[in-house]
**Q** 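Once you've had a glance at the structure underneath, I'll fire off some questions.
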Amino acid sequence: MTDAVLVTGGAGYIGSHTTVELLKAGHDVVVLDNLCNSSAVALERIEQISGKAPHFIQGDVRDAVLLDQVFKQYNISAVLHFAGLKAVGESVQQPLRYYENNVYGSLVLCQAMAKAGVRKLIFSSSATVYGEEASIPYVETQPRGKTANPYGTSKAMVEQLLTDLQIADPEWSIVLLRYFNPIGAHESGLLGEDPQGIPNNLLPYIAQVAIGRLEQLAIYGGDYPTTDGSCERDYLHVVDLALGHLQSMQKLGTPGVHIYNLGTGQPVSVLAMVKAFEKVAQKPLPYRIAARRAGDLPAFWANADKAQQELGWKATRPLNAMLEDTWRWQTRNPKGFSK
Ligand code: NAD
Ligand code: WQD
């Protein structure tokens, strides 16, 4: 049996782009996804792009019996763990669902891995673990801070759980990747972000306004202490983020907990994003300045030096490519993956 990489949540936005890059690099990939926030069509598109299909198991990371079967059936050498829920507002309304999926799901996965003797794991963490009071830019040496919502707390809890696990069994090699704001789509126009209902995140919202599915963008806050009064974030191309996972796999040979920020290190404001998108879509984007959104920080971005120094990874795709790829995906798939 050849070695395979297990990708939980591999039908989702970031997991699908990472699966493409893993297949392109010659890995055998097993995707485990319950499709609660994704579509099986994404798996067809992965095959279309990479010329190879991942093995697909429709199932839940909380299902211990299923996980044992997966580890018996395939020779899994490492796990990339994307599966989880990610809507910040929803996590405030439904904290138990978020802790169950994100924390308990990770716990069951680690138990199954330990049982199978697989001790190499890359976890999808988030810049949100730095908390509300961290100084910017965020750097990995800063401690985790006070998280603003159950989603963020669930990520911080999993980071702690994994750290404790590695102390108890030092053979584990664990990579915690703290993503900043992934946007963009595959340059083929075949894969992209397909949020259910009205998008919470900026780029899907902008793209749906531009295509006429939504009327107007509300810019949350115009009086922040930033260059133009709107919030600033560190947006990175989802393919650069996917490649960051491949680069970080080299650390899976070194026992320990390895933490990396994956971002560009460059802040971009909401207003600048609107202006840049107007140029790419070649049309004006209706927007208004609205009240601030509860829980938003004025600005944060990454110090991404550690990933460059230790992994040789750097986000290379410029903002324009992020927006052109988003627009190609949106115009070719106006209803996302639904046919
Ligand atoms: P996504 O919702 O597109 O992908 C998550 C995938 O996991 C989906 O396909 C979903 O069906 C699956 N899933 C959810 N719960 C599951 C479960 N219990 N069992 C099996 N499958 C399950 O989200 P994404 O944007 O691709 O995010 C991937 C990961 O990265 C998540 O853990 C998310 O919290 C984290 N992350 C995302 C961002 C972002 O801005 N998108 C930023 C930081 C961290
Ligand atoms: C970006 C900027 C908004 C929508 C969230 C999570 C974070 C991570 C990424 C998972 C902000 C503004 C947005 C709109 C707007 N996810 N905005 N109008 O809030 O930086 O991060 O997603 O880990 O944990 O918190 O991303 O895309 O929601 O917002 O003005 O309709 O766009 O105020 O400044 P955010 P976002």
Side-chain angles (χ1 to χ4, degrees), residues 7-19 31-40 42-43 57-63 66-67 80-89 91 97-98 100-102 104-106 108-109 122-130 147-149 151-152 154-155 158 177-183 192-196 198-206 208-209 214 216-222 224 226 230-236 238 241-242 245 262-263 267-271 273-274 287-301:
V7 179
T8 75
Y13 174 48
I14 305 167
S16 61
H17 287 84
T18 306
T19 298
V31 167
L32 173 75
D33 198 304
N34 65 5
L35 302 183
C36 71
N37 194 39
S38 52
S39 160
L43 295 156
I57 298 146
Q58 184 170 353
D60 202 296
V61 283
R62 292 164 294 176
D63 185 342
L66 174 67
L67 287 179
L80 276 66
H81 180 37
F82 296 92
L85 303 178
K86 64 163 181 177
V88 169
S91 80
R97 203 172 139 235
Y98 271 69
E100 192 193 323
N101 253 280
N102 296 2
Y104 176 68
S106 301
V108 173
L109 174 66
I122 298 180
F123 174 61
S124 300
S125 191
S126 167
T128 192
V129 302
Y130 286 104
T147 42
N149 49 66
Y151 167 76
S154 76
K155 290 289 169 191
V158 175
L177 296 181
R178 294 178 176 164
Y179 311 160
F180 281 69
N181 287 54
I183 61 168
E193 193 169 8
D194 180 19
Q196 293 176 2
I198 296 176
N200 299 307
N201 296 111
L202 181 64
L203 252 289
Y205 204 106
I206 287 182
Q208 292 194 15
V209 170
L214 294 169
Q216 189 187 47
L217 172 74
I219 295 184
Y220 298 137
Y224 281 105
T226 56
S230 66
C231 290
E232 294 173 336
R233 295 288 181 273
D234 182 339
Y235 298 93
L236 81 160
V238 66
L241 179 58
H245 291 75
L262 296 184
V268 174
S269 76
V270 179
L271 268 165
M273 192 63 105
V274 168
Y287 71 84
R288 71 188 162 89
I289 305 290
R292 293 181 177 192
R293 181 171 70 175
D296 273 344
L297 293 174
F300 63 84
W301 62 90

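In this chain, residues are counted from 1 in sequence order. From a predicted model like this one, the values you see are computed outputs, not experimental measurements. Every number for a ligand or one of its atoms is a count from 1 in the order of the listing.
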**Q** What protein heavy atom lies closest to atom 19 (N) of ligand 1? Include the residue and the distance to one decimal.
**A** Val61 N, 3.0 Å
**Q** Does ligand 1 have any atom that is closer than 4.0 Å to a heavy atom of Ser16?
**A** no
**Q** Nearest heavy atom to atom 41 (N) of ligand 1: which of Ile14, Leu203, Val108 does it belong to?
**A** Ile14
**Q** Closest non-hydrogen protein atom to atom 11 (C) of ligand 2, residue and atom name please, with distance?
**A** Arg233 NH2, 4.0 Å
**Q** Using a 4.0 Å cutoff against the non-hydrogen atoms of Ser126, which atoms of ligand 2 qualify?
**A** 23 (O), 24 (O)
**Q** May I ask whether Tyr224 places a heavy atom under 4.0 Å from ligand 2?
**A** no
**Q** Write out the residue and atom name of the closest protein heavy atom to atom 39 (C) of ligand 1, then the distance separating them to 0.1 Å.
**A** Pro182 CG, 3.6 Å
**Q** What atoms of ligand 1 come closer than 4.0 angstrom to any heavy atom of Ser124?
**A** 29 (C), 30 (O), 32 (O), 35 (C)
**Q** On the six-membered ring of Tyr224, is Arg292 placed so that its NZ or CZ lies under 6.0 angstrom from the centre and within 45° of the ring axis?
**A** yes
**Q** Can Arg178 be said to sit on top of Tyr130's aromatic six-ring, NZ or CZ under 6.0 Å from centre and within 45° of the ring axis?
**A** yes
**Q** Taking distance alone, with N or O pairs closer than 3.5 Å, would you say Tyr205 contacts ligand 2?
**A** no
**Q** Any idea which protein heavy atom is nearest atom 1 (C) of ligand 2, and the distance to it?
**A** Tyr235 OH, 3.4 Å
**Q** Under the 3.5 angstrom rule, does the side chain of Ser16 hit a backbone N or O of Ala42 as a donor-acceptor pair?
**A** no
**Q** In this structure, which one of Val7, Leu109, Leu66 forms a side-chain contact (heavy atoms from CB on, under 4.5 Å) with Leu32?
**A** Leu66
**Q** Which atoms of ligand 1 are found less than 4.0 Å from any heavy atom of Ser125?
**A** 43 (C), 44 (C)
**Q** Any side-chain to backbone donor/acceptor pair from Tyr98 onto Ala87? Under 3.5 Å, distance only.
**A** yes
**Q** Looking at Val88, is its backbone amide N or carbonyl O close enough to the side chain of Asn200 to form a donor-acceptor pair, meaning the two atoms are under 3.5 Å apart?
**A** no
**Q** Indicate yes or no: does an N/O atom of Lys86 lie under 3.5 Å from an N/O atom of ligand 2?
**A** no
**Q** Students should be able to answer this: which protein heavy-atom is nearest to atom 23 (O) of ligand 2, and at what distance?
**A** Tyr151 OH, 2.5 Å
**Q** For atom 25 (O) of ligand 2, which protein heavy atom lies nearest, and how many Å away is it?
**A** Val88 CG2, 3.4 Å
**Q** For ligand 1, does Arg62 get within less than 4.0 Å through its side chain, its backbone, both, or neither, judged by non-hydrogen atoms?
**A** side chain
**Q** Between Val270 and ligand 2, which residue portion shows a heavy-atom distance shorter than 4.0 Å: side chain, backbone, both, or neither?
**A** side chain
**Q** Are any of the N/O atoms in Gly12 less than 3.5 Å from those in ligand 1?
**A** yes
**Q** In the protein, what heavy atom is nearest to atom 17 (N) of ligand 2, and what distance, to one decimal place, separates them?
**A** Tyr220 CD1, 3.6 Å
**Q** Does the N or O separation between Lys86 and ligand 1 drop below 3.5 Å for any pair?
**A** yes
**Q** Say whether, by atom type as modelled, one donor and one acceptor occur between the side chain of Lys155 and the main chain of Thr147 under 3.5 angstrom.
**A** no
**Q** Among all protein non-hydrogen atoms, which one is nearest to atom 12 (C) of ligand 1, and what is the separation to 0.1 Å?
**A** Asp33 OD1, 3.4 Å
**Q** I'd like to check whether Cys36 has a polar contact with ligand 1, where a contact means an N/O of the residue lying under 3.5 Å from an N/O of the ligand.
**A** yes
**Q** For ligand 1, indicate whether the residue Lys155 contacts it via side chain, backbone, both or neither (heavy-atom separation under 4.0 Å).
**A** side chain
**Q** Taking atom 5 (C) of ligand 2 as the point of reference, which of Ile14, Asn201, Ile206 owns the nearest heavy atom?
**A** Asn201
**Q** Between Ala127, Ala218, Cys231, flag the one that comes closest to atom 34 (O) of ligand 2 by a heavy atom.
**A** Cys231
**Q** May I ask you to check whether Leu202 has an N/O atom sitting below 3.5 Å from an N/O atom of ligand 2?
**A** yes
**Q** Identify the protein heavy atom lying closest to atom 29 (C) of ligand 1, giving its residue, its atom name and the separation to 0.1 Å.
**A** Phe82 O, 3.2 Å
**Q** Among protein heavy atoms, which lies nearest atom 19 (O) of ligand 2, and at what distance?
**A** Arg293 NH2, 2.9 Å
**Q** Tell me: protein heavy atom nearest atom 26 (O) of ligand 2, and distance?
**A** Asn181 ND2, 3.2 Å
**Q** Looking only at protein heavy atoms, which one is nearest to atom 43 (C) of ligand 1, and how far off is it?
**A** Tyr179 CD1, 3.4 Å
**Q** When you measure from atom 3 (O) of ligand 1 to every protein heavy atom, which one gives the shortest distance, and what is it?
**A** Tyr13 N, 2.8 Å
**Q** Does only the side chain of Asn101 get under 4.0 Å from ligand 1, or the backbone, or both, or neither? Count heavy atoms.
**A** side chain
**Q** For ligand 2, which atoms sit closer than 4.0 Å to a heavy atom of Asn200?
**A** 4 (C), 28 (O)
**Q** Quick one: does ligand 1 sit under 4.0 Å from the side chain of Leu35, the backbone, both or neither, non-hydrogen atoms only?
**A** backbone
**Q** Give yes or no for whether the N/O distance cutoff of 3.5 Å, strictly under, is met between Ser126 and ligand 1.
**A** no
**Q** Kindly confirm or rule out an N or O of Asn34 lying under 3.5 angstrom from an N or O of ligand 1.
**A** yes
**Q** Identify, for atom 5 (C) of ligand 1, the protein heavy atom at the shortest distance, and state residue, atom and that distance.
**A** Gly84 O, 3.9 Å
